[in-house]
Q: 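This is the structure, below, for whatever I ask next.
Just so we're on the same page: letters track the sequence lines, and every chain starts at 1. Scope of the values below: all heavy atoms of this structure, side chains included, with no hydrogens, waters or symmetry mates.
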Number of protein chains: 2
Amino acid sequence: MAETLSKSLPSSRREFVETAGRLCQRFGLPRSTGQIYGLLYLAPSPLSLDDIAELLSISKASASTGTRQLLSWHAIKQIWVPGDRRDHFEAVGDLHDLLRAGYEKFFRPKLERSVSKMDHLLVCLEADRKAGLLTKEEHAFCKERLAHLRSLQTRVQKLLPLAEKFL
Amino acid sequence: MAETLSKSLPSSRREFVETAGRLCQRFGLPRSTGQIYGLLYLAPSPLSLDDIAELLSISKASASTGTRQLLSWHAIKQIWVPGDRRDHFEAVGDLHDLLRAGYEKFFRPKLERSVSKMDHLLVCLEADRKAGLLTKEEHAFCKERLAHLRSLQTRVQKLLPLAEKFL
DNA sequence: CAGTTCGTTCAATTCTGATTGAACGAATAA
DNA sequence: TTATTCGTTCAATCAGAATTGAACGAACTG
């Protein structure tokens, strides 16, 4: 017994979906993923995969990969709807949590890796120097610039937890 | 009288170029642009377009568009080298300035536009409501979520100038 | 003046990564 | 059991953006 509802969005929600999609796209994430989150963020009740695919006019395959992506970020969660075999999804509304988690999972590891990369580069620089591949000035110049960068990194590392508290 | 120098980089600088390229790429900017900045950031003396193209093994066309991009962001500047007709480029070392400028030029306008977008959406929501396109609950739910988002936006707007000062 | 050199532009190509349709396995229903 | 529904996976396609080669105009050179 399939419900054959209107399956279209009011303009407010439609525009919101579009905005969310573009935002994601700008950050290098798949547009459809952002659209899905946008759709769910303003959905008063959980939606099934088919709902999502139909409302966004995307394939069920896209909807599936998108939702799994969002689940892995804990940006949405699965909801069991009694009497319906299908999975339903709803957005996690607390964006603050979401940001914190995103920082922990994405930025922090990346920052840390970039710090060790810098350390490696400094070692590398000394090796090049010993191998006679750099002039005295070149060595001094690079060392100074790398140090500058390094100090910026540590400042950022200190800033982000503070920022998180502030928000 | 063309100088036929070795035209290759020590491993420290080569790795730095690679890292800078990947960083840019991650933020949706052309990789080559990041590579150019990385190359110049560790260059003790200004480089010509041809130097850049050769050292990075990219076409002169790419080097040209990349440098113009970076110039527009004030991330590099043109240097006049006496006795050489060609343009030479050097990186602006002060990343702090660069970040501030990037915020002013990129993030701030985008944030502001997103704020007015939200206001528009709230208007839109009321219109949908009056047109009878939304149930009472749907309207209330959306309004609450949009308000939540809106408040997050203003908090971010307040945070960023502070963060800038902190760095 | 003709002949180079330099930097930019633009159409064509290439790459990367998002999206899809089709096929599949698991779970449910009949 | 067989048939159907649901969600995932995967190879193929598609779109958009980066990159290039070629052509051009402007500035220099001799």
Q: Applying side-chain hydrogen bond (donor to acceptor under 3.5 Å, both in side chains), can you list everything that pairs with B:Gln153, at least two apart in sequence or on another chain?
A: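 In terms of side-chain hydrogen bond (donor to acceptor under 3.5 Å, both in side chains), with neighbours along the sequence ignored, B:Gln153 is linked to B:Ser114.
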Q: CZ of A:Arg26 versus C1' of C:dA18: gap in Å, rounded?
A: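 Between C1' of C:dA18 and CZ of A:Arg26: 18 Å.
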Q: Can you name the residues that form a side-chain hydrogen bond (donor to acceptor under 3.5 Å, both in side chains) with A:Gln78, not counting sequence neighbours?
A: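 side-chain hydrogen bond (donor to acceptor under 3.5 Å, both in side chains) list for A:Gln78, sorted by chain: A:Asp87.
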Q: Check the distance between D:dC6's P and A:Ile52's CD1 and give it to me in whole angstrom.
A: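 Distance, rounded to whole Å: 14 Å.
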Q: Do any of residues 13-20 of chain A sit with a heavy atom less than 4.0 Å from DNA chain D, and if so which?
A: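 Result for residues 13-20 of chain A: none.
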Q: When the distance from CZ of B:Arg22 to C1' of C:dC15 is rounded to whole Å, what number comes out?
A: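 After rounding, the reported distance stands at 17 Å.
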Q: At a heavy-atom distance below 4.0 Å, what parts of residues 68-81 of chain B sit against DNA chain D?
A: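 Within residues 68-81 of chain B, no residue comes under 4.0 Å of DNA chain D.
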Q: Sorted by first residue and then second, give each salt bridge (Lys or Arg N to Asp or Glu O under 4.0 Å) pair with at least one member in residues 17-41 of chain B; sequence neighbours left out.
A: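 Counting only pairs at least two positions apart or across chains, the salt bridge (Lys or Arg N to Asp or Glu O under 4.0 Å) contacts touching residues 17-41 of chain B are B:Glu18-B:Arg22.
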Q: Using the test ring pair (Phe, Tyr, Trp, His ring centres under 6.0 Å), find all partners of B:Tyr41 that sit at least two apart in sequence or belong to another chain.
A: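 Result, ring pair (Phe, Tyr, Trp, His ring centres under 6.0 Å) vs B:Tyr41: B:Phe16, B:Tyr37.
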Q: Within the pair B:Ser64 and C:dG7, is there a side-chain N or O less than 4.0 Å away from OP1 or OP2?
A: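 No, outside the criterion.
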Q: Please check if any side-chain donor atom of A:Ser48 sits under 3.5 Å from a side-chain acceptor atom of A:Asp84, or the reverse.
A: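 Note: A:Ser48 and A:Asp84 side chains miss the donor-acceptor criterion.
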Q: Sequence neighbours left out, what passes side chain to side chain contact (heavy atoms under 4.5 Å, CB included) with A:Thr65? Give chain and number order.
A: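 For A:Thr65 the side chain to side chain contact (heavy atoms under 4.5 Å, CB included) partners, ignoring immediate neighbours, are A:Arg68.
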Q: For A:Phe27 and C:dG17, what is the distance between atoms CZ and P respectively, to the nearest whole Å?
A: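 So the CZ-P distance, A:Phe27 to C:dG17, works out to 18 Å.
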Q: Using links of under 4.5 Å between side-chain heavy atoms of ILVMFWY residues, direct or through other members, which residues join B:Phe27 in one cluster?
A: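 Taking Ile, Leu, Val, Met, Phe, Trp and Tyr as members, B:Phe27 shares its hydrophobic cluster with B:Leu23.
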Q: Sequence neighbours excluded, which residues qualify as side chain to side chain contact (heavy atoms under 4.5 Å, CB included) partners of B:Glu126?
A: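 In terms of side chain to side chain contact (heavy atoms under 4.5 Å, CB included), with neighbours along the sequence ignored, B:Glu126 is linked to B:Arg129, B:His139, B:Lys143.
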Q: Could B:Asp119 and B:Arg150 be called an ion pair, given the rule that one side-chain N must be under 4.0 Å from one carboxylate O?
A: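 Judged by the 4.0 Å cut-off on N to carboxylate O distance, B:Asp119 and B:Arg150 do form a salt bridge.
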Q: Can you list everything that forms a side chain to side chain contact (heavy atoms under 4.5 Å, CB included) with A:Arg85? Sequence neighbours excluded, please.
A: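 A:Arg85 satisfies side chain to side chain contact (heavy atoms under 4.5 Å, CB included) with no residue once adjacent residues are dropped.
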Q: I'd like to compare against my own output: the B/S/- annotation of nucleotides 24-30 of chain C with a strict under-4.0 Å heavy-atom distance to protein.
A: ---BS--
Q: Specify the separation, in whole Å, of atom NE2 of B:His88 and atom C1' of C:dT5.
A: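 B:His88 atom NE2 is separated from C:dT5 atom C1' by 13 Å.
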Q: Kindly indicate whether the side chain of A:Gln69, heavy atoms from C-beta on, has any atom under 4.5 Å from the side chain of A:Thr33.
A: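 When only atoms from C-beta onward are counted, A:Thr33 and A:Gln69 do touch, with a gap below 4.5 Å.
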Q: Can you tell me the distance, in whole Å, between the CG atom of A:Leu47 and the P atom of D:dG7?
A: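 Rounding to the nearest Å, CG of A:Leu47 and P of D:dG7 are 12 Å apart.
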Q: Please check: side-chain N/O of A:Ser62 versus main-chain N/O of A:Ile58, any donor-acceptor pairing under 3.5 Å?
A: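 Absent.
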Q: Between the main-chain N or O of B:Ser12 and the side-chain N or O of A:Asp128, is there a donor-acceptor pair closer than 3.5 Å?
A: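 Yes, A:Asp128 side chain to B:Ser12 backbone: donor-acceptor pair under 3.5 Å.
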Q: Rounding to an integer number of Å, can you tell me how far A:Asp50 CG sits from D:dC6 P?
A: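 It is 6 Å, rounded to the nearest whole Å.
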Q: Supply the atom-to-atom distance A:Arg86 CZ to A:Leu47 CG, rounded to the nearest 0.5 angstrom.
A: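 Those atoms lie 10.0 Å apart.
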Q: Nearest whole angstrom, please: distance from the P of D:dA27 to the CG of B:Asp84.
A: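 Result: 18 Å.
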Q: Strictly under 4.0 angstrom, non-hydrogen atoms only: write out the protein contact profile of nucleotides 18-23 of chain D, one letter per nucleotide from the 5' end, B, S or -.
A: SSBB--
